Amino acid sequence: MRPRYGCGQCMNDGVQALQKVSRLTLGTAARGLSYGVANRDGVVSDVIATMILERALHCKISCFDTASAYGLSEQRLGKWMKTTGARPQ
């Protein structure tokens, strides 16, 4: 099976290379805004959002679907990455 490459490119010693990403992508809309027809609880707490991100990283999920339209999603993801030093591989 061929490795999958996708969204995001990285620079390595000035040479551009595609970054390997996981087969699964974690959607982050519900971590940034009240999302979903059945959502009665609103935006998940910072604690729950962090637990979800840590579990995703543990499961080798390295692609996160986020956008400025997802409310606080990008900020939460960035804060988590900065605070923990976590970088999806």
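As the structure is a prediction and not an experimental result, all values here were calculated from the model.
- By the side chain to side chain contact (heavy atoms under 4.5 Å, CB included) test, Ala29 pairs with Tyr35, Tyr70, sequence neighbours left out.
- Partners of Ser45 according to the side chain to side chain contact (heavy atoms under 4.5 Å, CB included) rule, which considers only residues two or more places apart in sequence or in another chain, are Val47, Ile48.
- Between the side chain of Thr66 and the main chain of Thr28, no donor-acceptor pair closer than 3.5 Å is present.
- For Ala49 against Arg31, the heavy-atom pair with the smallest separation is CB-CG, 3.9 Å.
- Residue pairs satisfying the salt bridge (Lys or Arg N to Asp or Glu O under 4.0 Å) criterion with at least one member in residues 36-45, sequence neighbours excluded, are absent.
- Thr50 is linked by a side chain to side chain donor-acceptor pair (under 3.5 Å) to nothing, counting only residues two or more places apart in sequence or in another chain.
- In this structure, Gly42 and Ser34 approach most closely via the heavy-atom pair CA-OG, 3.6 Å.
- By the side chain to side chain contact (heavy atoms under 4.5 Å, CB included) test, Ala56 is found to be paired with Leu26, Ile61, Phe64, residues two or more places apart in sequence or in another chain being considered.
- Here the straight-line distance linking atom NZ of Lys79 with atom CG of Leu53 works out to 12.0 Å at 0.5 Å rounding.
- Ile52 and Met81 fall within the same hydrophobic cluster, where Ile, Leu, Val, Met, Phe, Trp and Tyr residues are linked whenever their side-chain heavy atoms come under 4.5 Å apart, directly or through other members.
- Residues that satisfy the salt bridge (charged side-chain N to carboxylate O under 4.0 Å, His left out) test with Asp46, not counting sequence neighbours, are Arg76.
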